[in-house]
Q: 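Just dropping this structure here.
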Amino acid sequence: MSNRYETVCIVKPDVGDEAIKSIIQKATATLEAGGGTLGRLDEWGRRRLAYPIQKKNDGYYFVLEYNTTPDVSKEMCRQIKLNENVLRQQTVRLCEKAPEQVAEQAAAETAPAAEGGQS
């Protein structure tokens with residue numbers, strides 16, 4: 001069973017470009033070795049953190065969006081966490097429905113409740 005996932009990763013700001021490319025390459029290689037497919041790689045670059053992490057005020061952000069099984073996603077996240085240059089990472093499973101379908105469903109669920117309250 002394949003799901004859509006999104007992983008946001010923050011790398012230490014003092015790490016060189018080669019090390020960042022290595023982290024991204026290793027993550028995508030793990031994903032592809034497990035039979036997953038990379039949908040999107042979005043590198044946000046160096047940005048200010050909302051709060052200091054490990055006494056760092058900046059970080060290099062990148063986002064991976066991919067399709068794979070839960071086991072492969074867990075393994076990829078584990079390998080990212082093991083890298084000492086990674087400050088934080090978070091993976092979420094994306095909704096199967098399109099955003100328009102989610103909005104329509106939410107509107108349909110709230111409409112009967114609003115009509116039932118009026119007398």
Side-chain angles (χ1 to χ4, degrees):
M1 181 167 93
S2 182
N3 296 317
R4 283 184 32 201
Y5 294 94
E6 181 179 76
T7 298
V8 178
C9 187
I10 307 172
V11 180
K12 291 180 181 178
D14 52 352
V15 172
D17 290 340
E18 296 299 321
I20 293 169
K21 298 294 180 193
S22 173
I23 294 168
I24 294 170
Q25 190 275 332
K26 188 171 184 178
T28 56
T30 302
L31 176 67
E32 292 169 355
T37 57
L38 180 65
R40 177 175 65 101
L41 167 61
D42 192 10
E43 294 186 50
W44 294 356
R46 284 174 173 54
R47 295 189 178 223
R48 191 102 171 128
L49 299 173
Y51 55 89
I53 302 174
Q54 298 178 5
K55 298 182 181 179
K56 308 283 187 210
N57 292 318
D58 297 321
Y60 186 93
Y61 285 75
F62 67 88
V63 179
L64 298 168
E65 190 175 309
Y66 52 94
N67 293 316
T68 191
T69 61
D71 293 336
V72 175
S73 177
K74 287 179 187 176
E75 176 60 22
M76 187 182 81
C77 293
R78 185 185 74 80
Q79 288 188 4
I80 290 174
K81 286 181 189 178
L82 289 175
N83 191 313
E84 62 188 25
N85 292 322
V86 175
L87 292 173
R88 291 278 194 278
Q89 70 87 29
Q90 182 176 15
T91 299
V92 294
R93 187 171 68 99
L94 299 175
C95 184
E96 296 295 323
K97 297 179 181 177
E100 298 83 22
Q101 293 174 329
V102 173
E104 290 173 8
Q105 182 179 1
E109 290 174 357
T110 57
E115 291 174 6
Q118 297 174 348
S119 295

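The first residue of the sequence shown is numbered 1, and numbering continues consecutively from there. FYI, side chains are in, hydrogens and waters are out, and symmetry mates aren't considered; it's all heavy atoms of this structure.
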Q: From Ile80 CD1 over to Glu75 CD, what is the distance, rounded to the nearest 0.5 angstrom?
A: 10.5 Å
Q: Determine whether a donor-acceptor pair (N or O, by modelled atom type, separation under 3.5 Å) exists between the side chain of Ser22 and the backbone of Glu18.
A: no
Q: Would you call Glu84 and Lys12 a salt bridge, taking side-chain N to carboxylate O under 4.0 Å as the test?
A: no
Q: With rounding to the nearest 0.5 Å, note down the distance linking CD in Gln79 to CD1 in Ile23.
A: 12.0 Å
Q: Would you say the side chains of Thr7 and Tyr66 form a donor-acceptor pair under 3.5 Å?
A: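 Yes, Tyr66 and Thr7 have a side-chain donor paired with an acceptor closer than 3.5 Å.
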Q: Evaluate the side-chain proximity of Thr91 to Met76: yes if any heavy-atom separation is below 4.5 Å, no if none is.
A: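 The answer is no; the side chains never approach within 4.5 Å.
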Q: I'd like to check Cys9 versus Val86 (side-chain heavy atoms, cut-off strictly below 4.5 Å). Are they in contact?
A: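 Answer yes - side chains close enough.
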Q: With rounding to the nearest 0.5 angstrom, report the CG to CG distance, Leu94 to Asn3.
A: 9.5 Å
Q: To the nearest 0.5 Å, what is the distance between CZ (Arg4) and CZ (Arg40)?
A: 9.5 Å
Q: Give me the one residue out of Val15, Leu87, Ile10, Ile20 that meets side chain to side chain contact (heavy atoms under 4.5 Å, CB included) with Tyr60.
A: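 Only one option passes, and that is Ile20.
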Q: Taking the side chain as every heavy atom from C-beta outward, state whether Asn57 and Leu49 have any pair of such atoms under 4.5 Å apart.
A: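 Heavy-atom side-chain distance check fails, nothing below 4.5 Å.
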Q: I'd like to know if Leu38 and Tyr5 are part of one continuous hydrophobic network [Ile/Leu/Val/Met/Phe/Trp/Tyr, side-chain heavy atoms within less than 4.5 Å].
A: yes
Q: Mind checking the CG-NZ spacing from Leu31 to Lys26? Nearest 0.5 Å is all I need.
A: 14.5 Å
Q: Report yes or no: does Arg46 contribute a side-chain atom to a donor-acceptor pair with the main-chain N or O of Pro13 at less than 3.5 Å?
A: yes
Q: Do Glu65 and Asp42 have side-chain heavy atoms sitting under 4.5 Å apart?
A: no
